[in-house]
Undergrad: 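Okay, here's the structure, questions in a sec.
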Number of protein chains: 2
Amino acid sequence: MKENKTIGEILRENREKKGLLLRHVSAKLDIDTAILSKIERSERKATKEQILKLAEILDLDKDNLLIQYLSEKILYEIKDEALGSKALKVAEQKMKYINKNKSRK
Amino acid sequence: MKENKTIGEILRENREKKGLLLRHVSAKLDIDTAILSKIERSERKATKEQILKLAEILDLDKDNLLIQYLSEKILYEIKDEALGSKALKVAEQKMKYINKNKSRK
DNA sequence: TTACACTTGACAATTAATGTCAAATATATT
DNA sequence: AATATATTTGACATTAATTGTCAAGTGTAA
């Protein structure tokens, strides 16, 4: 049940599946191959714009890729925090509260 | 059932409860009163170090305050994202996965 | 050994976070 | 109403993090 791939792994797998080189994709993103290489190996974070472009280039579902991307950003925020797990739970509670009261005056 | 205070509100309430002025507290934090004023009104984010000092100054539970602080940081990451809620859930799943495999080689 | 894809690390450029300061706005007191 | 004090606001400076380039290095295969 291998279920947890990083965005980088997803991007690399799908780039290779399409037979594209770093060069090809990074040109479309208008960045150096070095950065894309680092993104694929999780050494750098992509920007949101890059993720959206990559979804297009690699024919991946945008929403899905964006969710993966955002979830990694969230985890990055708390990766060195002992209380990270608890903070995540509290964040979800707050999120519920916010959504609940969204339409109210 | 008022349950959702911002960190800023918590800080201000407790500062006033202790009869302290912005001036007194900001001096201990070694920052301008302007910043503390903004932190209390959620116009700026505090740093982690400031939160820990504030917990001491105001006799608040450090872990608790830190959890509130981190959860706000998390929400800040996704505040403008339509997929924020979903990203949060995925982040929690990943977190579980990480914790589960923590002790493994 | 040449060619090609990718990786690495030093560093430059850009953007975001954090801070100061001085003037503006309460609010209360004489 | 004038003064005093606390807080707020906004323009700007400083610092730190992010994002990028470049050139040299590694690996692999023809």
Side-chain angles (χ1 to χ4, degrees), chain A residues 6-55 57-58 65-66 68-81 84 87, chain B residues 5-55 57-58 65-66 68-81 84:
Chain A
T6 63
I7 282 236
E9 287 166 343
I10 292 169
L11 294 174
R12 175 148 293 185
E13 278 175 20
N14 282 278
R15 175 174 62 81
E16 290 178 340
K17 192 180 292 174
K18 281 190 127 46
L20 296 170
L21 299 179
L22 283 178
R23 176 153 55 82
H24 300 135
V25 176
S26 64
K28 293 203 182 185
L29 293 177
D30 194 28
I31 54 171
D32 197 278
T33 59
I35 295 182
L36 184 54
S37 166
K38 284 168 187 170
I39 290 171
E40 288 185 349
R41 286 170 299 107
S42 303
E43 199 184 303
R44 287 270 182 112
K45 283 180 293 184
T47 66
K48 186 183 173 184
E49 288 65 38
Q50 288 163 349
I51 290 297
L52 294 174
K53 272 199 182 178
L54 283 164
I57 295 166
L58 303 177
L65 202 61
L66 206 46
Q68 294 304 317
Y69 170 69
L70 292 171
S71 68
E72 281 191 9
K73 268 183 80 169
I74 291 168
L75 289 179
Y76 180 80
E77 283 295 311
I78 56 177
K79 66 178 182 334
D80 300 322
E81 297 291 343
Chain B
K5 289 175 188 162
T6 63
I7 281 238
E9 288 166 343
I10 293 169
L11 294 175
R12 175 147 293 185
E13 278 176 19
N14 282 280
R15 174 174 63 81
E16 291 178 341
K17 192 179 293 174
K18 282 189 126 47
L20 296 170
L21 299 177
L22 284 177
R23 179 151 53 80
H24 300 135
V25 175
S26 64
K28 292 202 184 189
L29 293 177
D30 194 28
I31 55 172
D32 197 278
T33 59
I35 295 182
L36 185 54
S37 166
K38 284 168 187 169
I39 289 171
E40 288 185 348
R41 287 169 298 106
S42 303
E43 200 185 302
R44 286 271 183 109
K45 283 179 295 184
T47 66
K48 186 183 174 184
E49 289 64 39
Q50 287 164 350
I51 290 298
L52 294 175
K53 272 199 183 178
L54 283 164
I57 295 166
L58 305 176
L65 202 62
L66 205 46
Q68 294 304 317
Y69 170 68
L70 291 171
S71 68
E72 281 192 10
K73 270 184 77 170
I74 290 168
L75 289 178
Y76 181 80
E77 284 295 311
I78 56 177
K79 67 179 181 333
D80 300 321
E81 297 290 343

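Residue numbering restarts at 1 for every chain, and letters A, B, ... go by the order of the sequence lines.
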Undergrad: Between C:dC6, C:dT8, D:dT7, which nucleotide gets closest to the side-chain atoms of B:L21?
TA: D:dT7

Undergrad: Grab the CZ-P distance between A:R41 and D:dG27 for me, whole Å please.
TA: 13 Å

Undergrad: With rounding to the nearest 0.5 Å, note down the distance linking CD1 in B:I74 to CD1 in B:I78.
TA: 8.0 Å

Undergrad: Using a cut-off of less than 4.0 Å, is there contact between a side-chain N or O of A:R15 and OP1 or OP2 of C:dC6?
TA: yes

Undergrad: Please collect all side chain to side chain donor-acceptor pair (under 3.5 Å) contacts where either partner lies in residues 20-39 of chain B, sequence neighbours excluded, each pair once.
TA: B:S37-B:R41

Undergrad: Would you please test B:E77 and A:L70 for side-chain contact (heavy atoms from CB on, under 4.5 Å) and show each step?
TA: CA-CA 8 Å; B:E77 284 295 311; A:L70 292 171; over 6 Å; no

Undergrad: Hey, what do you get for CD (B:Q50) to CD1 (B:I57), rounding to the nearest 0.5 Å?
TA: 10.0 Å

Undergrad: Distance from B:L11 atom CG to B:Q68 atom CD, nearest 0.5 Å?
TA: 10.5 Å

Undergrad: List in chain and number order the residues that pass side chain to side chain contact (heavy atoms under 4.5 Å, CB included) with A:T6, two or more places apart in sequence or in another chain; answer none if no residue qualifies.
TA: A:E9, A:S42, A:E72

Undergrad: CD/B:E16 to CG/B:L21 distance, rounded to the nearest 0.5 angstrom?
TA: 9.5 Å

Undergrad: Provide a list of protein-nucleic acid N or O atom pairs under 3.5 angstrom, restricted to nucleotides 27-30 of chain C.
TA:
none

Undergrad: Rounded to whole angstroms, how far apart are CD1 on A:I39 and C1' on C:dT8?
TA: 16 Å

Undergrad: Can you tell me how far C1' of C:dT18 sits from CD of B:E43, to the nearest Å?
TA: 13 Å

Undergrad: Pairs under 3.5 angstrom, nitrogen or oxygen only, protein versus nucleotides 21-25 of chain D, please.
TA:
unit_1 : atom_1 : unit_2 : atom_2 : d
D:dT21 : OP2    : A:D32  : N      : 2.6

Undergrad: So does A:A46 get a backbone contact from the side chain of A:Y69, meaning a donor-acceptor N/O pair under 3.5 Å?
TA: yes

Undergrad: Rounded to 10°, tell me the angle between the two end axes of the helix from C:dT1-D:dA30 to C:dT30-D:dA1, each built from five pairs.
TA: 10°

Undergrad: Check whether any side-chain N or O of A:S37 sits under 4.0 Å from OP1 or OP2 of C:dC6, and answer yes or no.
TA: no

Undergrad: Which nucleotide, D:dT7, C:dC6, D:dA6, lies nearest any side-chain atom of B:R12?
TA: D:dT7

Undergrad: Taking atom C1' of D:dT19 as reference, at what distance in whole Å does atom CD of A:E49 sit?
TA: 12 Å

Undergrad: Students often get this wrong, so: under 4.0 angstrom with heavy atoms, is B:Q50 touching a base, only sugar-phosphate, or nothing?
TA: sugar-phosphate

Undergrad: Separation of A:L36 atom CG from C:dT7 atom C1', in whole Å?
TA: 12 Å

Undergrad: Would you compute the distance between atom CD1 of A:I7 and atom CG of A:L65 and round it to the nearest 0.5 angstrom?
TA: 4.5 Å

Undergrad: side-chain contact (heavy atoms from CB on, under 4.5 Å) for B:E40 and B:L22? Distances and angles first, verdict last.
TA: CA-CA 10 Å; B:E40 288 185 348; B:L22 284 177; 3.6 Å; yes

Undergrad: How close or far is atom C1' of C:dA3 from atom CZ of A:R23, stated in whole angstroms?
TA: 11 Å

Undergrad: Does the cation-pi check pass for B:K73 over B:Y76, that is, NZ or CZ under 6.0 Å from the six-membered ring centre and within 45° of its axis?
TA: no

Undergrad: Measure the distance from CD on B:E16 to P on D:dA6 and round it to the nearest whole Å.
TA: 13 Å

Undergrad: For residues A:L58 and A:I10, determine if any side-chain heavy atom of one lies less than 4.5 Å from a side-chain heavy atom of the other.
TA: no

Undergrad: Atom CD1 in B:I39, atom CG in B:L54: separation rounded to 0.5 Å?
TA: 7.0 Å

Undergrad: Return the minimal non-hydrogen interatomic distance between A:A87 and B:S71, and the atom names on each side.
TA: O-CB, 3.4 Å

Undergrad: Set out, line by line, the N/O atom pairs under 3.5 Å between protein and nucleotides 15-18 of chain D.
TA:
none

